Amino acid sequence: MTTFNFSDTIRSWYEIHKRDLPWRDTRDPYPIWLSEIILQQTRVNQGLPYFERFIEAFPTVQNLAAASQEEVLKLWQGLGYYSRARNLHTAAQQIADRRGIFPDNFKGLLDLKGVGSYTAAAIASFAYDEPVAVVDGNVYRVLSRYYGIDDPINETMGIKKFQKLANEVLDPKHAAQHNQAIMEFGALQCVPSSPDCKVCPLINTCKAYQTGQVDQLPVKIKKTKVLNLHHHYLVAITPSGRTILVQRPQTGIWAGLYEFPFIESNGAMLPQEITGHDVFKDVFGRLRFRESIYNQQPILHKLSHRKIHAYFWIIEVDEELDDAVTVNEMLKKPVHVLMERFIKAYWKLKK
DNA sequence: AAGCCGGGGTT
DNA sequence: AACCCAGGCTT
């Protein structure tokens, strides 16, 4: 007679249903670490091409450490949460300082920039089979439903409770497989909305299923409110076709990325309000120019906590500007997606 | 403890 | 429009 075992069940399920992902067939901490940073708050399908590009560009952690931050940010362009890229680069240099040797345990891994409790547990278990449980969004969902726990997953008490429970259900003899399995189970079977419980191997012992609470769990409180912003980008075009880019400050949104100079406002602006603005004068001085609006209707760019209403103004000037860059130089700079989309449309670039 | 930090896919 | 995603850092 055998007793029902949570870890055995999800690991058996995993061996049948697991996806074939390039960072799963290795114990090398470098690709494991790289994949985990890329996948933070990012879906597998979105992160996958970035993983391939990074491995191609930087086959070893030393290659990554030796790159410039701008090179790393450019490769990261479009993925979001750009502090991950800066931390990734810093951590690569930390590792290079150790002759390329990663810390070999959970505690040591936590010293790497950008590596928190989840990522340290993931690397420690996947690379070294250290019995430390990962707790990500998938794990919160699976455990909260299976055990019927309604503590909010974004409050200190709930976080501690789930971390403790996750370690209790972890089979220490199968740490790597167990951690992979519970996350894959959450990603493919115990999905956020309308999971197909009929085919779930845990259906007979799932608390949420028994009590009809599947769609109420996990509990997460507080919602981020969205702030509306209006950006009027000044797209300089010099006689030779060059333009002006400025780098954003090293803190805040899109830190360190490049964009056209812009005027912030509370809504639409008239041409004379643009050309009379201090920012405009700072960029173009007393040069002669011809201005035109590129998009009459604002382009909406939605982030998790902001909605940006973007207007692009084409400012053709009749003299060269000292700090202008060519289009090819511009394309080497890391930019956010709003910029990337405009650049591709305006200069009619392929891809 | 709470807020900040992107972009894309689903519902 | 709201929610979610192989979260971590800062204040």
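As the structure is a prediction and not an experimental result, all values here were calculated from the model.
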**Request:** Considering non-hydrogen atoms only, spot the tightest contact between A:A96 and A:A65 and give its length.
**Result:** CB-CB, 3.7 Å

**Complete:** Contact string for nucleotides 2-11 of chain B, one letter per nucleotide 5' to 3', B = base within protein heavy-atom range under 4.0 Å, S = sugar-phosphate only, - = neither, reads S--BBBB--S

**Prompt:** Within the structure shown, what part of the strands sits under 4.0 Å from A:S35 by heavy-atom distance: base, sugar-phosphate, or nothing?
**Reply:** nothing

**Request:** Could you give the distance separating C:dA6 and B:dG3 at their C1' atoms, to the nearest angstrom?
**Result:** 23 Å

**Prompt:** Tell me: CG of A:N138 to P of C:dC5, nearest whole Å?
**Reply:** 6 Å

**Prompt:** Which atom names give the shortest non-hydrogen contact between A:A176 and A:D129, and what distance separates them?
**Reply:** N-OD1, 3.0 Å

**Asked** Within 45° of the ring axis of A:Y147 and under 6.0 Å from its six-membered ring centre, is that where the NZ or CZ of A:K207 lies?
**Response** no

**Rounded interatomic separation in angstrom, taking CG from A:N179 and P from C:dA6** = 15 Å

**Prompt:** Do we get A:R53 above A:Y50's six-membered ring, with its NZ or CZ under 6.0 Å from the centre and within 45° of the axis?
**Reply:** yes

**Prompt:** So what does A:W76 hit on the nucleic acid, given a heavy-atom distance under 4.0 Å: a base, only sugar-phosphate, or nothing?
**Reply:** nothing

**Message:** Using the rule side-chain hydrogen bond (donor to acceptor under 3.5 Å, both in side chains), only one of A:Q247, A:R248, A:H231 pairs with A:E259; which is it?
**Reply:** A:R248

**Protein-nucleotide distance (A:Q180, atom CD; C:dA6, atom P), rounded to Å** = 12 Å

**Prompt:** Can you check the A:I123 CD1 to C:dG8 C1' distance for me, whole Å?
**Reply:** 13 Å

**Prompt:** Quick one: A:Y140 OH to C:dC3 P, roughly how many Å, whole number?
**Reply:** 18 Å

**Item:** Separation of the P atoms in B:dG6 and C:dT10, to the nearest angstrom
**Value:** 14 Å

**Asked** Atom CE of A:M183 and atom P of C:dC4: how far apart are they, to the nearest Å?
**Response** 19 Å

**A:K307 vs A:V44, nearer the 5' end of DNA chain C by closest nucleotide** = A:K307

**Item:** Residue pair A:V235 / A:T243, side-chain heavy-atom distance below 4.5 Å
**Value:** yes

**Asked** Does a side-chain heavy-atom distance below 4.5 Å link A:Q40 with A:I37?
**Response** yes

**Item:** Euclidean distance, atom CD of residue A:Q216 to atom P of C:dC4 [Å, nearest integer]
**Value:** 12 Å

**Atom-pair distance (CG on A:D111; P on C:dC9), nearest Å** = 11 Å

